[in-house]
Engineer: 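Could you have a look at this structure, given as structure tokens, before my questions?
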Amino acid sequence: MAERIRVRFAPSPTGKVHIGNIRAAIFNWLYARHVGGEFLLRVEDTDLERSTPEAIQALLDCMRWLRLDWDGEILYQTSQRAHHLEVAEDLLRRGLAYRENKGGQGECVIFRMPKEGVIEYDDLVKGHMRKQAKDTQDFVIVRSDGSPVFHLANVLDDITQGVTHIIRGDDHVENTFKHIMLFRAIGAPVPQYAHLPMIVNNQGKPYSKRDGSAFVGEFRELGFVPDALFNYLALLGWAPGDDREVMTRAEMVGAFDFAKCKASPARFDIKKLTWMNGEYIAREPRADFEAAFDARLQAAGLPTEPLNGLRDALLDEIQPRTKTYGDVPANCRWFFAEDYPFDPKAVAKRLHAEGVPALLDEVAAALEALPGFDVPAIEAAVRALAEARGAGLGALVHPIRVAVSGRAEGPGLFETLWLLGRERSLRRLRGVAARLREGSL
RNA sequence: GCCCCCAUCGUCUAUCGGUCAGGACACGGGCUUUUCAUGCCUGUAAGAGGAGUUCGAUUCUCCUUGGGGGUGCCA
């Protein structure tokens with residue numbers, strides 16, 4: 001019977017989870033689910049300074065938000081310290097490691113790397129890898145202060161957890177040769193390795209917070225939905241081979257394959273992520289959209305009920321054009337509050353034109369005279385007025401829109417007026433006309 | 001310096017020797033006879049350079065160039 005495949009995500013909790021890091025988690029998860037193996041979580045909390053309970057909580061929140069469910073209990077690396085040191089002692093006894101005091105920092109334990117021959121392995125994404133022993137160096141496994149170093153702890157914990165496949169960032173490639181020798185020295189089977197290309201910025205350097213949002217929490221704040229972020233990140237370095245891009249979890253799990261993973265770095269493109277996020281939001285069930293939508297309005301100090309009611313009709317207009325939830329308050333504030341900001345560019349272009357005040361008053365009068373105030377009637381009235389003035393529809397539509405919303409874009413104008421309601425529309429139209437005349441806008 | 005890796009449109013990618021080098025994002029144009037969004041149609045845009053192997057290279061090999069990673073007490 002084949003051995004059950006086990007992979008792991010082994011982050012050190014530092015308070016914030018970097019997208020490059022979570023991408024590694026995503027690939028691990030995808031692979032585990034694809035092969036029906038186990039996805040383990042190990043918290044490498046050896047840095048006591050940064051590994052606070054809050055940092056660990058932030059990590060777990062992030063995992064849950066992205067629905068990266070793990071199997072079994074979490075292994076905390078600090079709990080393995082005694083074991084790590086025992087093994088170091090054993091390596092020492094067997095002459096595979098030695099003590100040395102270099103630079104007067106005290107004695108540390110150093111692992112011996114081979115002096116001749118070659119170390120090689122087959123990387124699931126990078127192919128055959130080899131390194132001459134002469135190009136390697138012995139390395140510290142226990143610091144002079146008695147604490148185990150990453151290399152030792154990492155390898156031992158992988159043995160303890162029965163990890164069969166190590167899927168991690170490209171920055172660990174060099175460590176792999178060291179780790180392989182450690183596995184051998186300890187007498188444990190060497191796992192399979194898969195090194196994922198780095199996520200880089202426009203300069204081709206590792207993507208960092210200097211390049212924009214780099215932590216999962218920030219994307220959450222900005223109003224990206226977890227499935228979109230997951231989907232986008234999964235596509236950085238992997239493609240199913242056909243032209244699918246927006247995919248469900250099940251589709252991604254089904255199609256995932258290291259043979260389709262690229263070995264070259266991938267640039268992070270916020271524009272494409274934003275597009276994909278819009279795709280996900282547009283397809284969300286209305287209840288989900290409403291929950292996120294309301295939360296954003298409330299956070300901005302706005303009511304969740306539009307000034308003129310008609311909430312469902314309003315949401316029909318808003319949902320398909322929402323790219324990120326963070327944009328919600330600014331994009332539809334005028335439907336929920338009487339005070340709404342005017343975009344200076346829109347004002348300059350559409351309102352600061354000859355005859356606009358008179359036009360707005362005329363529109364108001366026409367709308368006021370309407371027997372009923374519904375979309376077809378509004379449209380007919382505006383069109384009739386345009387014709388009477390011998391003007392194009394655009395000459396009326398744009399100033400009206402900016403007057404009632406302060407912005408140059410939004411739902412269709414006739415729908416916008418209807419959603420706003422007659423009284424409010426008239427008041428805004430006349431109010432803006434007056435302000436334009438007195439030069440206060 | 002030394003070691004390792006990488007290289008297709010601006011970006012993410014498809015192509016597993018023979019393709020009009022395809023798709024998506026972004027950008028431009030058009031239509032849906034108002035904006036924005038959506039949808040549909042459409043345009044611009046790529047195999048870093050040089051050898052070699054081959055009837056034939058984006059694809060295989062080598063070199064150069066460029067980029068990235070690593071280089072004994074970060075992880």
Side-chain angles (χ1 to χ4, degrees), chain A residues 10-12 14 21 44 46-47 50 77 100-103 105-113 123 125-127 129-132 134-151 153-154 168-178 195 197-200 202-206 232 235-246 259-260 262-276 278-279 282 317-323 331 346 350 379 382-383 386 392-402 405 407-414 416:
Chain A
S12 1
T14 57
N21 233 275
E44 303 209 329
T46 50
D47 181 338
R50 296 193 295 178
Q77 189 156 70
E100 190 175 299
N101 182 349
K102 185 173 181 182
Q105 296 176 60
E107 268 195 340
C108 60
V109 180
I110 297 174
F111 181 73
R112 287 185 207 284
M113 283 295 273
D123 195 290
V125 346
K126 301 176 83 73
M129 303 284 279
R130 52 186 287 138
K131 186 118 185 153
Q132 296 296 326
K134 66 177 173 55
D135 292 324
T136 67
Q137 286 181 300
D138 296 353
F139 59 95
V140 176
I141 53 176
V142 178
R143 296 189 187 83
S144 47
D145 67 2
S147 61
V149 168
F150 160 75
H151 302 296
N154 190 262
R168 53 173 26 167
D170 230 349
D171 49 337
H172 283 293
V173 171
E174 294 294 322
N175 293 333
T176 304
F177 299 101
K178 298 177 180 177
H195 287 95
M198 307 291 282
I199 293 179
V200 300
N202 290 326
Q203 283 72 248
K205 309 271 187 192
Y232 177 73
L235 255 23
L236 247 32
W238 171 71
D242 44 37
D243 290 326
R244 285 181 294 170
E245 292 204 309
V246 177
K260 304 295 286 180
K262 297 252 298 184
S264 51
R267 217 152 289 203
F268 184 79
D269 181 7
I270 188 74
K271 287 226 186 83
K272 187 153 187 176
L273 202 212
T274 302
W275 163 77
M276 189 169 274
E279 293 291 306
E317 296 293 330
I318 302 299
Q319 183 168 357
R321 61 194 87 213
T322 298
K323 294 298 176 202
N331 283 350
R350 305 299 186 185
E379 175 165 1
V382 174
R383 283 183 185 282
L393 198 51
L396 303 208
V397 166
H398 298 297
I400 298 173
R401 169 186 302 289
V402 178
S405 73
R407 320 182 96 236
E409 62 275 329
L413 178 71
F414 311 126
T416 293

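The basis for the numbers below is simple: all heavy atoms, side chains too, and nothing from hydrogens, waters or symmetry mates. Protein chains get the first letters and strands the later ones, always in sequence-line order, with residue 1 at the start of each.
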Engineer: With sugar-phosphate meaning primed atoms plus P, OP1 and OP2, does A:Lys260 contact a base, only sugar-phosphate, or nothing at under 4.0 Å between heavy atoms?
Structural biologist: sugar-phosphate
Engineer: Need one value for A:Pro11: base, sugar-phosphate or nothing, where a base atom within 4.0 Å counts as base even if backbone is also close, heavy atoms only.
Structural biologist: nothing
Engineer: When you measure only distances, ignoring hydrogens and angles, does the side chain of A:Asn175 come within 3.5 Å of the base of B:A75 through a donor and an acceptor?
Structural biologist: yes
Engineer: Can you tell me which nucleotide in B:U34, B:G39, B:C36 comes closest to the side chain of A:Glu409?
Structural biologist: B:C36
Engineer: Does A:Thr136 reach the main-chain N or O of A:Met113 with its side chain, forming a donor-acceptor pair under 3.5 Å?
Structural biologist: no
Engineer: For B:U38, take OP1 and OP2 only and decide whether either is under 4.0 Å from a side-chain N or O of A:Lys323.
Structural biologist: yes
Engineer: Find out whether A:Leu273 and A:Phe268 are in side-chain contact, i.e. whether some heavy atom of one side chain is under 4.5 Å from a heavy atom of the other.
Structural biologist: yes
Engineer: Do the side chain of A:Lys272 and the base of B:A24 come within less than 3.5 angstrom through a donor-acceptor pair of N or O atoms?
Structural biologist: yes
Engineer: Write down the partner of B:G43 under the Watson-Crick or G-U wobble criteria, each distance required to be under 3.5 Å.
Structural biologist: B:C27
Engineer: Hey, is the side chain of A:Lys262 poking within less than 4.0 Å of OP1 or OP2 on B:C16, counting only N and O atoms?
Structural biologist: no
Engineer: Could you tell me whether A:Arg50 atom CZ has more than 12 heavy atoms of other residues or ligands within 6.0 Å of it?
Structural biologist: no
Engineer: Distance between the P atoms of B:C41 and B:A21, in whole angstroms?
Structural biologist: 22 Å
Engineer: Using the P atoms only, state how far B:A26 lies from B:U58, rounded to an integer number of Å.
Structural biologist: 31 Å
Engineer: Taking the C1' atom of each, how far is B:U34 from B:U11, in whole Å?
Structural biologist: 33 Å
Engineer: Rounding to an integer number of angstrom, what distance separates B:G18 and B:U38 when you compare their P atoms?
Structural biologist: 37 Å
Engineer: Who does B:U71 pair with, Watson-Crick or G-U, both distances under 3.5 Å?
Structural biologist: B:G1
Engineer: Does any nucleotide pair with B:G18 by Watson-Crick or G-U wobble geometry, both distances under 3.5 Å, and what is it?
Structural biologist: B:C55
Engineer: Under 4.0 Å between any heavy atoms, over every strand shown, what does A:Met129 touch: base, sugar-phosphate, or nothing? Just pick one.
Structural biologist: sugar-phosphate
Engineer: Find the distance A:Trp275:CH2 to B:A37:C1' and express it as a whole number of Å.
Structural biologist: 15 Å
Engineer: Which nucleotide sits closest to the side chain of A:Arg267: B:A26, B:A14, B:C12?
Structural biologist: B:C12
Engineer: When both hydrogen-bonding distances must be under 3.5 Å and the geometry is Watson-Crick or G-U wobble, what is B:A48 paired with, if anything?
Structural biologist: B:U64
Engineer: Who pairs with A:Lys178 by salt bridge (Lys or Arg N to Asp or Glu O under 4.0 Å), at least two apart in sequence or on another chain?
Structural biologist: none
Engineer: With C1' as the reference atom in both, quote the distance from B:C40 to B:C6 in angstrom, rounded to an integer.
Structural biologist: 39 Å
Engineer: Reading RNA chain B from 5' onward, which residue's closest nucleotide shows up sooner: A:Asp243 or A:Lys131?
Structural biologist: A:Lys131
Engineer: Give me the distance, rounded to whole Å, that separates B:U61 from B:C5 when you measure between the P atoms they each carry.
Structural biologist: 12 Å
Engineer: Which value, in whole Å, describes the distance between the P atoms of nucleotides B:G50 and B:C55?
Structural biologist: 22 Å
Engineer: With respect to the phosphate group of B:C74, does any side-chain polar atom (N or O) of A:Arg143 fall under 4.0 Å of OP1 or OP2?
Structural biologist: yes
Engineer: Has the side chain of A:Arg321 got a donor or acceptor that lies under 3.5 Å from a partner of the other kind on the base of B:U38?
Structural biologist: no
Engineer: Establish whether the base of B:G67 is bridged to the side chain of A:Gln203 by a donor-acceptor pair shorter than 3.5 Å.
Structural biologist: no
Engineer: Under 4.0 Å between a side-chain N or O of A:Lys126 and OP1 or OP2 of B:C6?
Structural biologist: no
Engineer: Do we count A:His172 as stacking onto B:G70 if the rule is ring centres under 5.5 Å and planes under 30°?
Structural biologist: no
Engineer: Could you state the atom-to-atom distance from CZ of A:Arg244 to C1' of B:A14 in whole Å?
Structural biologist: 13 Å
Engineer: When the distance from CD1 of A:Ile199 to C1' of B:U11 is rounded to whole Å, what number comes out?
Structural biologist: 14 Å
Engineer: Considering only the C1' atoms, how many Å lie between B:G30 and B:C63, rounded to the nearest integer?
Structural biologist: 49 Å
